[in-house]
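Please read the structure below before turning to the comments.
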Amino acid sequence: MSDLLSSLSPSQRAAAQTVNGPLLIIAGAGTGKTRTLVHRLAYLVAEARIPAEKLLAITFTTRAADEMRERIAALCSQGIDLSALFVGTIHSLCHRILKHECRSAGFVSDFEIISPADQAAVIRNLAPRFFPEQQSLSLKKYELMLSREKNDRARLAAENHELTSESCSPFLRAYQEVLERQGLLDFDDLIIKTLVFLKKFSLHAQELRTRFSHLSVDEYQDLNTAQYLLLRELAGAHPNLCAVGDADQAIYAFRGAQVKNFLNFQQDFPDATIVKLEENFRSTRTIIAASQQVIEKNKERIEKKLIAVKPAGARIELCELLDERQEARFIASEIGRLVGGARFESLGHDQRDEELPELSFKDIAVLYRLHAQARLIKEALEQAGIPLQVARDRSLYEEPDAEVIIAMLELLHDQGNDLAAAALLENAIKGLGPKTVASLKDYAGKSGTTVIESIRQEFSLPEITADRRARLHSFLGLLDELTEKARTLPLDQLIREIAAKLSIGAASADNEESSVSQTDENLLDLITAAMPFSAVPAAEGIPHFLSKIALLREGEQICPQQEAVTLLTVHGAKGLEFPA
DNA sequence: CAGGAAGAAATTTTT
DNA sequence: TTTCTTCCTG
């Protein structure tokens, strides 16, 4: 087994061989930290004889967990059996603990995780009641507000204070009541419930600590308060806890990550072994030098100097163009130059730089800070005939325009779908807001009928004015008209029809030119996606289309090695590698 | 009208 | 953290 660590650098090996006690690995970007982590796990099992089922490797993203599993699988095929090891996100771990341990202890009943759409709906419903003077604070603002308060309360829980519902803000209380009534947890609850459970049921907590003797946590600098407290609880007083992270890559403070947790590791665990990984295998010396200059300015950091293994490489070029259009065109021509294709370059004077290695499209990424900046670049690249893929966080089906149309399709398929009905009325019908929709839902709930049926029944509510009622009725008319059309028209035509009736796309001419074409594009994409279901009348095609969408939402988008330039945000690029 | 203060929005993960 | 918008003041 002596060759197990032979491929590691001295500091990587030092980290991998540290078996007992707290271990802090300060790992710069591109220093092979996942590799080190996995080799350490293998070492723990193969050399230190620790049963694999006693190891926990915790990540923050499924991507990181997948990468780790892949590397572990590669080692397993070389004869080291790590299959019993738990590798997963901190959320999946909590999910498991809650589903098994907590339920058997009678601490929680069965639960589901609230879907983003439902969570948004709950917040949209509650916010106006608690913040009447604020007209239109964004949803995310409220989400963050709730999350922050919950994390603050997690600290109380960790100090063994009882979490009473009186001690929290009315907004949070109302929010939690809605979730509780439906047996739902949000992602913060997943962590906090587990934390409270460990605090309250110390026997179970002790059992878990014995069951898992060695913990490793990747991206430790990204922990938020509740996650940090939970890990401390799970690690206990004499922890074999391995924290891996880099304060210089702490880019998620805005969503509650506390770099302090990473910086305080030595105070938390004074006997911690500390290993710095400073040898960078990913980037050229030029890039390392430049990034070092930027990083040095960080205030909250642990001193560390990246050492480049690669040669200097190409110089960094900084170009200032007149506007975004020029910038997009420049990027397109630059990519053309890099791959050396004559196909899209101007005719005459183009020649490939001979000393550049041959690059293909998949080796190139375009980064930007905002998703909104992608559009012009995308258009310019398309015009130049460059294949591309946009790594957007939400799929087409989560774009607001598409969601409205999908909600309409859902409603045509099943008029009893109150979620779809509410979303439609609220987002697509002018003059109807959350207030009207809330009272409608309220009414429907009390009289045991559906939202649509309530409108149909000429119900009377004092808070719904005549002019709102007129809008509601014209919506009913539209619904009936579309139901009729769905019997004959194919799905793609029906979608066009819906878009036109709801003034989505080309119809809204007063909008800014840019936002119109984005909407149009979404619409076209949606119609394209619907084409396979358009051979039959829409009424038959809709359910098939909807179930395909549901499937797509579940499964992750799989297109890793496409021969295309990748467009993504700077945040999205963390930890990725591109040759160019 | 320039220019500054103050506020809002954007960056994103998690079953 | 940074950038854009809005509103106010001299």
Side-chain angles (χ1 to χ4, degrees), chain A residues 58-67 86-100 102-103 108 110-120 131 133-148 150-151 154 179 183-195 217-228 230-231 247-259 294-295 297-301 324 367-375 391-395 398 512 514 550 553-556 567-576:
Chain A
I58 297 168
T59 64
F60 275 88
T61 61
T62 46
R63 202 181 80 197
D66 287 345
E67 191 194 335
F86 178 96
V87 181
T89 61
I90 190 165
H91 289 87
S92 69
L93 175 70
C94 288
H95 197 262
R96 272 244 266 237
I97 293 177
L98 285 177
K99 283 278 179 191
H100 298 122
C102 295
R103 277 217 295 163
V108 285
D110 204 8
F111 67 89
E112 287 302 319
I113 303 293
I114 190 169
S115 75
D118 289 354
Q119 189 185 20
F131 306 94
E133 72 284 0
Q134 252 110 8
Q135 271 312 296
S136 56
L137 264 186
S138 78
L139 195 69
K140 280 167 192 164
K141 205 85 189 194
Y142 291 116
E143 258 171 54
L144 216 62
M145 213 164 164
L146 292 169
S147 181
R148 264 181 48 190
K150 287 166 94 152
N151 272 280
L179 264 64
L184 295 172
L185 297 185
D186 67 17
F187 287 110
D188 284 315
D189 293 331
L190 216 47
I191 310 288
I192 293 168
K193 283 266 185 215
T194 312
L195 172 64
V217 185
D218 199 2
E219 307 287 11
Y220 197 89
Q221 80 282 351
D222 287 339
L223 289 170
N224 69 23
T225 304
Q227 292 161 342
Y228 163 77
L230 174 79
L231 281 173
D248 294 324
Q249 290 182 72
I251 57 173
Y252 291 116
F254 68 88
R255 66 179 195 213
Q258 302 280 321
V259 202
V294 176
I295 284 167
K297 305 255 188 309
N298 290 355
K299 295 196 177 74
E300 293 198 305
R301 68 188 300 265
E324 296 103 313
L367 311 188
Y368 35 80
R369 213 180 80 80
L370 279 77
H371 288 294
Q373 294 169 310
R375 220 196 86 246
R392 52 178 155 185
D393 58 336
R394 51 186 185 189
S395 73
E398 284 159 319
E512 209 180 311
S514 60
R553 277 177 172 164
E554 289 295 315
E556 65 235 271
L567 269 58
L568 74 176
T569 61
V570 181
H571 276 79
K574 186 180 172 194
L576 299 179

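Computed from a predicted structure; not experimentally measured. For the numbers below, each heavy atom of this structure counts, side chains included, while hydrogens, waters and symmetry mates do not.
Atom-to-atom, OH of A:Tyr252 to P of B:dT14 comes out at 9 Å; the value is rounded to the nearest Å. For A:Asp222 and B:dT14, the CG to P distance is 11 Å, given to the nearest whole Å. The distance between atom CZ of A:Phe60 and atom P of B:dT12, rounded to the nearest whole Å, is 17 Å. Taking atom CG of residue A:Leu370 and atom P of nucleotide B:dA8, one finds them 18 Å apart after rounding to whole Å. Rounded to an integer number of Å, the gap from A:Lys140 NZ to B:dG7 P is 22 Å. Spacing between atom CG of A:Asp218 and atom C1' of B:dT13 amounts to 14 Å, rounded to whole angstrom units. With rounding to whole Å, A:Asn224 atom CG is found 13 Å from B:dT12 atom C1'. The CZ-C1' distance, from A:Arg369 to C:dT3, rounds to 7 Å in whole Å.
Applying the 4.0 Å criterion to OP1 and OP2 of B:dT13, one finds that A:Thr89 has every side-chain N and O outside that range.
Among the protein residues, A:Phe254 comes within range of the nucleic acid bases, having at least one heavy atom under 4.0 Å from a base atom.
Side-chain N/O atoms of A:His91 and base N/O atoms of B:dT14 include a donor-acceptor pair closer than 3.5 Å.
Side-chain contact check for A:Glu219 versus A:Thr59: every heavy-atom pair is 4.5 Å or farther apart. A:Leu231 places a side-chain heavy atom less than 4.5 Å from the side chain of A:Ile58. Put simply, the side chain of A:Gln227 does not reach to within 4.5 Å of the side chain of A:Gln258, judged on heavy atoms.
Rounding to the nearest 0.5 angstrom, the gap separating the CG atom in A:Leu146 from the CG atom in A:Asp188 is 9.0 Å. Between the OG atom of A:Ser147 and the CZ atom of A:Arg255 there is a distance of 10.5 Å, given to the nearest 0.5 Å.
In the set B:dT12, B:dA10, B:dT15, the nucleotide with an atom closest to the side chain of A:Ile113 is B:dT15. With B:dA10, B:dT14, B:dT12 as the candidates, the nucleotide lying closest to the side chain of A:Arg255 is B:dT12. When distances run from any side-chain atom of A:Ser92 to the nucleotides B:dT14, B:dT15, B:dT11, the shortest one goes to B:dT15. The A:Phe187 side chain lies nearest to B:dT14 when the options are B:dA10, B:dT14, B:dT12.
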